[in-house]
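Read through the structure below, which is laid out as structure tokens, and then see the notes.
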Amino acid sequence: MYLTRFFLPVLRETPKEAEIVSHQLMLRAGMIKQSAAGIYSWLPLGLKVLKKIEQIVRDEQNRAGAVEVMMPTIQSADLWRESGRYEAYGKEMLRITDRQERDLLFGPTAEEAITSIFRDGVKSYKDLPKNLYNIQWKFRDEIRPRFGVMRGREFLMKDAYSFDLTKEAARASYQRMFVAYLRTFARLGLRAIPMKADTGPIGGDLSHEFIILAETGESEVFCHRDLLEGAIPSADTNFEDDLSPIMDAWTSKYAATEDMHDADRFKKEVPEDARVSARGIEVGHIFFFGTKYSEPMGCRVQGPDGQMVTLQMGSYGVGVSRLVGAIIEASHDDGGIIWPVPVAPFEVAVINLKAGDEATDAVCADLHDRLQAAGIDVLVDDSNERAGGKFATMELIGIPYQIVVGPKGVKSNEVEVKARIGGDRETMAPEAALAHVVEEINRARVLV
RNA sequence: CGGGGCAUAGCUCAGCCUGGUAGAGCACCUGCUUUGGGAGCAGGGGGUCUGGAGUUCGAAUCCCCAUGCCCCGACCA
């Protein structure tokens with residue numbers, strides 16, 4: 001992609017409505033534009049990041065054996081009357097009436113929709129276990145949206161729902177998602193820590209929030225330092241195996257958000273030098289809720305003995321659009337965003353310091369074509385901007401690698417390669433620069 | 001929903017108190033000079049001053065009513 005063809009409305013100054021750094025940087029980098037409170041348009045740069053995150057989430061759901069569906073964003077009120085939540089949900093639910101005076105709503109979540117699909121499609125225990133997920137736009141009419149996409153009213157979310165015959169089987173389903181989440185967040189370049197969460201009326205130990213540490217996190221969190229270095233299950237993990245050892249390893253050490261924090265236990269169980277207390281952002285939440293929806297909605301199958309059994313369900317959410325902001329919160333500096341390679345909108349920026357200079361243009365075009373052929377997402381800055389402006393923009397939008405091509409260097413067959421992280425610069429031949437960034441990027445892509 | 005604040009050019013803001021027909025910086029367009037870490041000079045385009053209703057000869061400015069957005073709180077993927 002060439003910058004002169006792309007749409008990248010960057011702002012030099014920070015719009016005053018943005019409070020936290022991710023919101024400020026997303027606006028300045030031309031990733032989003034606010035349309036109404038908590039509702040945003042995704043501009044090309046932001047959309048590229050969103051899509052990359054979405055694809056990694058999808059990839060790991062599929063790996064764990066979940067199956068994707070897509071459902072309507074507009075749902076029928078009748079469906080929600082079945083579960084009893086139409087009345088219970090409150091003003092956060094955006095209610096709509098159509099021309100026939102039928103009650104509709106813009107889905108804030110998908111338990112009802114998915115349960116109704118599942119119950120009509122599965123009648124035998126032989127069809128279990130199953131896990132269906134969707135990645136869709138949801139709407140919650142929050143009293144006070146804020147922090148940009150971190151807490152918008154409209155948001156892209158992945159919700160998975162597991163269906164099992166027994167609680168034991170449901171536990172195994174839960175563990176599969178637990179492992180999938182460890183891998184998902186690691187692949188996004190994040191270190192997410194599963195923390196014990198409130199299970200609500202159901203009780204038990206099957207509810208975890210996945211938290212990433214960031215200064216601007218919404219809640220205070222406490223955990224054992226070892227969890228910051230926990231082992232990520234490898235790509236060849238067999239999801240048919242017993243995953244208890246992995247989950248046990250991750251849940252045996254203290255980790256809790258402020259709601260669940262027990263200061264005495266924390267002191268007793270965690271040595272002083274291993275105590276981490278920080279602020280955290282919730283990027284995922286998984287929980288087992290038994291028959292909360294399957295019971296009222298009649299989601300049952302016939303068991304081996306011919307008796308009808310109400311299914312045990314769990315739900316597993318990832319805030320996809322929120323993750324865009326969360327990653328920025330966790331990865332930025334004074335110059336702007338620092339994208340982890342797997343989610344970077346472009347992996348390499350080729351900066352043409354003198355667009356219009358024949359030799360410089362030729363080197364840039366060659367790099368562009370060969371990077372693209374190598375499967376690298378490349379953006380060539382072929383604008384007439386001055387050098388300083390180009391550097392500042394690429395730094396702002398956080399492209400992991402820059403190849404700087406100028407007329408002086410071209411004469412001596414040299415370009416400069418610069419890494420966004422650390423800012424190291426190295427001069428080398430264009431050939432070497434190409435090989436270098438391709439190697440670095442391929443390495444960064446297969447971290448887990 | 002309670003409390004507070006703001007609304008003037010794409011962005012950041014001045015002008016409002018004390019009414020007289022709209023400004024700056026950045027961005028944008030033209031030209032010249034420049035060109036390796038957000039250049040300089042000259043010229044130029046762009047505004048229903050959030051909306052409505054008042055007071056007045058005259059309203060961005062004063063009065064009233066709406067609306068939108070932001071912040072604090074309760075709520076929250």
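Chain letters run A, B, ... following the sequence lines, proteins first and then strands; every chain starts at 1.
- In this structure, CD1 of A/Ile39 is placed 9 Å from P of B/rC69, rounded to the nearest angstrom.
- Taking 3.5 Å as the limit, the base of B/rU12 and the side chain of A/Arg12 contain no donor-acceptor pair of atoms between them.
- Distance from the side chain of A/Arg146 is smallest to B/rA74 among B/rA74, B/rA77, B/rG36.
- Within the 4.0 angstrom heavy-atom criterion, base atoms lie near A/Glu416.
- Comparing A/Pro15 and A/Arg425 by the nucleotide of RNA chain B that holds the closest heavy atom to each, the one mapping nearer the 5' end is A/Pro15.
- Closest to the A/Ile143 side chain, of the nucleotides B/rG73, B/rG37, B/rC70, is B/rG73.
- With hydrogens and angles left out, the side chain of A/Arg151 and the base of B/rC76 share a donor-acceptor pair within 3.5 Å.
- Look at the P atom in both B/rG47 and B/rC69: the space between them is 25 Å, to the nearest Å.
- Between the C1' atoms of B/rA22 and B/rA9, the separation comes to 10 Å (whole Å).
- Set against B/rC71, B/rG38, B/rC6, the side chain of A/Ala392 has B/rG38 as its closest nucleotide.
- Between A/Gln402 and B/rG37 there is no side-chain N or O to OP1 or OP2 distance below 4.0 Å.
- Whole-Å rounding puts the A/Arg386 CZ to B/rC26 C1' distance at 15 Å.
- Look at the C1' atom in both B/rG68 and B/rU56: the space between them is 29 Å, to the nearest Å.
- Look at the P atom in both B/rU61 and B/rC6: the space between them is 16 Å, to the nearest Å.
- The only option from A/Glu68, A/Met157, A/Gln61 that meets the side-chain contact (heavy atoms from CB on, under 4.5 Å) definition with A/Ile135 turns out to be A/Glu68.
- Taking the side chain of A/Lys91 as heavy atoms from C-beta on, and the options B/rA7, B/rC71, B/rC1, the nearest nucleotide is B/rC1.
- Using bins of under 30°, 30° to 60° and over 60° for the plane-to-plane angle, the ring pair A/Phe185/A/Phe210 lands in the tilted bin.
- At a threshold of 4.0 Å, the pair A/Asp361-A/Lys354 does not count as salt-bridged, since none of the basic side-chain nitrogens sits closer than that to a carboxylate oxygen.
- With centroids closer than 5.5 Å and planes inclined by less than 30 degrees as the test, A/Phe391 and the base of B/rG38 fail to qualify as a stacked pair.
- B/rA7 and B/rG51: their P atoms are spaced 14 Å apart (whole Å).
- Annotation: A/Phe147 is not in aromatic contact with A/His23 [ring centroid separation under 6.0 Å not met].
- Among the atoms of the strands shown, base atoms are found under 4.0 Å from some heavy atom of A/Gly389.
- Atom CZ of A/Arg322 and atom C1' of B/rA77 are 5 Å apart (whole Å).
- Pair assignment for B/rC1 gives B/rG73, based on Watson-Crick or G-U wobble hydrogen-bonding distances that are each under 3.5 Å.
- Across all strands shown, B/rC13 forms a Watson-Crick or G-U wobble pair, both distances under 3.5 Å, with B/rG23.
- No engagement by A/Lys158 is indicated, since no non-hydrogen atom pair under 4.0 Å with the nucleic acid exists.
- With a 3.5 Å ceiling on both atom-pair distances, the Watson-Crick or G-U wobble partner of B/rC62 is B/rG54.
- Searching all strands for a Watson-Crick or G-U wobble partner of B/rC6 with both distances below 3.5 Å returns B/rG68.
- Rounded to an integer number of Å, the gap from A/Asp259 CG to B/rA74 P is 12 Å.
- Atoms CG (A/Leu396) and P (B/rC11) sit 17 Å apart, rounded to a whole Å.
- Note that A/Lys418 lies outside the cation-pi zone of A/Tyr401, set by a 6.0 Å cut-off to the ring centre and a 45° limit from the axis.
- Residue contacts shown for A/Thr14 are limited to sugar-phosphate atoms, with no base heavy atom under 4.0 Å away.
- With C1' as the reference atom, B/rA60 and B/rA42 are 31 Å apart, rounded to whole Å.
- Between the A/Arg420 side chain and the A/Glu395 main chain, a donor and an acceptor come within less than 3.5 Å of each other.
- Ring geometry for A/Phe289 versus A/Tyr161: interplanar angle of 30 to 60°, hence tilted.
- Side-chain atoms of A/Glu13 and base atoms of B/rG25 include a donor and an acceptor less than 3.5 Å apart.
- Per the geometry, CD belonging to A/Glu142 stands 13 Å off P belonging to B/rC70, to the nearest Å.
- Here A/Arg144 reaches the OP1 or OP2 of B/rC71: one of its side-chain N or O atoms lies under 4.0 Å away.
- Residues from residues 350-361 of chain A lying near RNA chain B, meaning a heavy-atom separation below 4.0 Å, are A/Leu353 in numerical order.
- When distances run from any side-chain atom of A/Arg140 to the nucleotides B/rG36, B/rG38, B/rA77, the shortest one goes to B/rA77.
- Where A/Val405 and A/Glu92 each meet RNA chain B at their nearest nucleotide, the meeting point lying more 5' is that of A/Val405.
- Among B/rC71, B/rU12, B/rC1, the nucleotide with an atom closest to any side-chain atom of A/Glu17 is B/rU12.
- Tested against A/Glu60, the residues A/Lys158, A/Gln55, A/Arg187 include a single side-chain hydrogen bond (donor to acceptor under 3.5 Å, both in side chains) partner, A/Arg187.
- When heavy atoms are screened at a 4.0 angstrom cut-off, A/Gly317 is found touching no nucleic acid atom at all.
- A/Glu385 places its CD atom 14 Å from the C1' atom of B/rU34, with the value rounded to the nearest Å.
- When the P atom is used for both B/rC26 and B/rA39, the distance is 11 Å, rounded to whole Å.
- Judged by Watson-Crick or G-U wobble contacts below 3.5 Å, the nucleotide B/rC41 has B/rG31 as its partner.
- You'll find the side chain of A/Leu213 reaches within 4.5 Å of the side chain of A/Leu228, heavy atoms only.
- Residues A/Phe163 and A/Tyr293 keep their aromatic ring centres 6.0 Å or farther apart.
- To the nearest angstrom, C1' of B/rG31 lies 15 Å from CG of A/Asn384.
- Using a 3.5 Å distance cut-off with no hydrogens or angles, the side chains of A/Ser162 and A/Asn131 do not pair a donor with an acceptor.
- Contacts of A/Gly284 with the nucleic acid, taken as non-hydrogen atoms under 4.0 Å apart, are absent.
- Spacing between B/rA24 and B/rC65 at atom P, rounded to whole Å, works out to 35 Å.
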